[in-house]
Amino acid sequence: MTTATTASAASPPSSASAAAPRPRGRLDWRLRFAALSLVWGFSFLLIKVGTDGYAPFQVTLGRLVFGTAVLAVAMALKRERLPRGVRTWGHLAVAAFLLNALPFSLFAYSELTIPSTLAGICNATSPLWGMALSMVALSEDRPTRVRVAGLGIGFLGVLTVLGAWEGFHGLDAMGTAMALLASLSYPIGWIYVRRTLAGSGESHLSLTGAQLLLATVQLAVVTPLFTSVPSRLPVLPLLAIVALGALGTGFAVLVQYGLVAEVGPTTAQMVTYFIPVIATAAGVAVLGESLRWSTPVGAVVVLLGAALTQVRRKGA
């Protein structure tokens, strides 16, 4: 799952930083990359299991609480402080809504009516939405023929996944729309962060910790208004929520930050292309979800289009 962080969007590496040696982690970056792919790929399965026992907003709130707790421990160990400045916190509140509270909630609600496999594939459309939006919102991000072609191919893949020639038969329109809207929310958040928080001077960990904290507060306000206290606490869904927050959000953000610092954002974001594959395999193998031929075929086309949208001009 594209659990975007403010830091990765707000702090693109400069030419000077690109020339400097990158820090190396204790564990080979390929192993951490694989771990991140697995954690985010299984997140859609965990959402499905969590919503079997709890309301979607409760799943999202629990996810954010445990994710924020992991970030808080990391900040304490590194003696990091939360950001300062009212304006910074205001921008972080918007980023928290667009990058965490909104998409997490939409995915949770979507999986009430659609398979986790479809939700995972919808998540892979984020680069396509990002390319389309950047053509309008980011003047420095000029499209090329290859990237425009990738955009068209990617959305053709989306239509294939949804079975457009059959009139989208058998799919829940509302659930699918919510999953696609969740995927759209991520690039909107990235663009907002690039315009408002780039070069803020705060540490990556500090910004991300504050972002998750604000998202938790937002869900803590909303959840009691739309849900009631559970009369019982199913253990398996609760464990799924704990894993979703601690691993799929908190741990994953820390691993993502380390990968960006070591191998750069371009390589680190390649994890996006493995998530739907793992999400599909997990949904079929563990949850027994059915799979039509158009789903994997369309997913491959989506990923091909998404990869092409990331191709840059030489020297860019």
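Source: prediction; values computed, not measured.
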Main-chain N/O of K48 paired with T51 side-chain donor or acceptor, under 3.5 Å: yes

Distance, nearest 0.5 Å, that separates CZ of F44 from CD1 of I278: 11.0 Å

Results of side-chain hydrogen bond (donor to acceptor under 3.5 Å, both in side chains) for S116 - residues two or more places apart only: E289

Fellow cluster residues of V86, listed by chain then number, with links counted only when side-chain atoms sit under 4.5 Å apart: none

Nearest atoms (heavy-atom pairs only) where G120 meets P276: O-CB, 3.8 Å

Non-neighbouring partners of F274 that pass ring-ring contact (aromatic ring centres under 6.0 Å, His included), sequence neighbours left out: F33

Close side-chain approach of L207 to P83, heavy-atom, < 4.5 Å: yes

Between CD on residue E202 and OG1 on residue T88, distance to nearest 0.5 Å: 6.0 Å

pair N100-Q218: side-chain heavy atoms closer than 4.5 Å: no

Shortest non-hydrogen separation from V193 to A95 and the atoms involved: CG2-CB, 3.7 Å

Distance-minimising heavy-atom pair for W40 and G248: NE1-O, 3.0 Å

Exercise: identify the closest heavy-atom pair between I47 and A108: CG2-CA, 3.7 Å

Side-chain donor-acceptor pairs under 3.5 Å in residues 65-80, sequence neighbours left out?
from : atom 1 : to   : atom 2 : distance (Å)
T68  : OG1    : L64  : O      : 2.7
T68  : OG1    : L212 : O      : 3.3
T68  : OG1    : T216 : OG1    : 2.9
E80  : OE1    : S203 : OG     : 2.9

Heavy-atom donor-acceptor pair, S185 side chain to L98 backbone, under 3.5 Å: yes

Spacing of CG belonging to L303 relative to OG1 belonging to T272, to within rounding of 0.5 Å: 9.5 Å

Contact check, side chains of V39 and F251, non-hydrogen atoms, under 4.5 Å: yes

CG-CG distance between L156 and L128, expressed to the nearest 0.5 angstrom: 11.0 Å

Under the side-chain hydrogen bond (donor to acceptor under 3.5 Å, both in side chains) test, residues paired with R84 that sit two or more places apart: none

Whether S206 side chain and R81 backbone form a donor-acceptor pair below 3.5 Å: yes

Sub-4.5 Å side-chain heavy-atom contact between V49 and L287: yes

Spacing of L102 atom CG and M178 atom CE [to the nearest 0.5 Å]: 11.5 Å

Hydrophobic cluster (4.5 angstrom, side-chain heavy atoms) - remaining members for V300: none

Path from L112 to L118 over hydrophobic side-chain contacts below 4.5 Å: yes

Pairwise side-chain contact, T249 with F104, heavy-atom cut-off 4.5 Å (strictly under): yes

Distance-only criterion, 3.5 Å: show the donor-acceptor pairs between side-chain atoms of residues 219-244 and protein atoms not counting sequence neighbours.
from : atom 1 : to   : atom 2 : distance (Å)
T223 : OG1    : L219 : O      : 2.6
T227 : OG1    : T223 : O      : 2.7

Result of checking T125, L99, I191 against Y186 for side-chain contact (heavy atoms from CB on, under 4.5 Å): L99

Under the side-chain contact (heavy atoms from CB on, under 4.5 Å) test, residues paired with A179 that sit two or more places apart: F107, S110, I114, C122

Hphob cluster co-occupancy, W89 + V217, side-chain heavy atoms under 4.5 angstrom: no

Would you give me the side-chain donor-acceptor pairs under 3.5 Å for residues 148-155, sequence neighbours excluded?
none

From CG (L213) to OG1 (T208), nearest 0.5 Å: 12.5 Å

ring-ring contact (aromatic ring centres under 6.0 Å, His included) involving Y192 - partner list, sequence neighbours excluded: H91

Residues forming a side-chain contact (heavy atoms from CB on, under 4.5 Å) with L184, sequence neighbours excluded: W129, L133, L181, I188

Minimum heavy-atom distance between T60 and A101, given as atom pair plus value: CG2-O, 4.3 Å

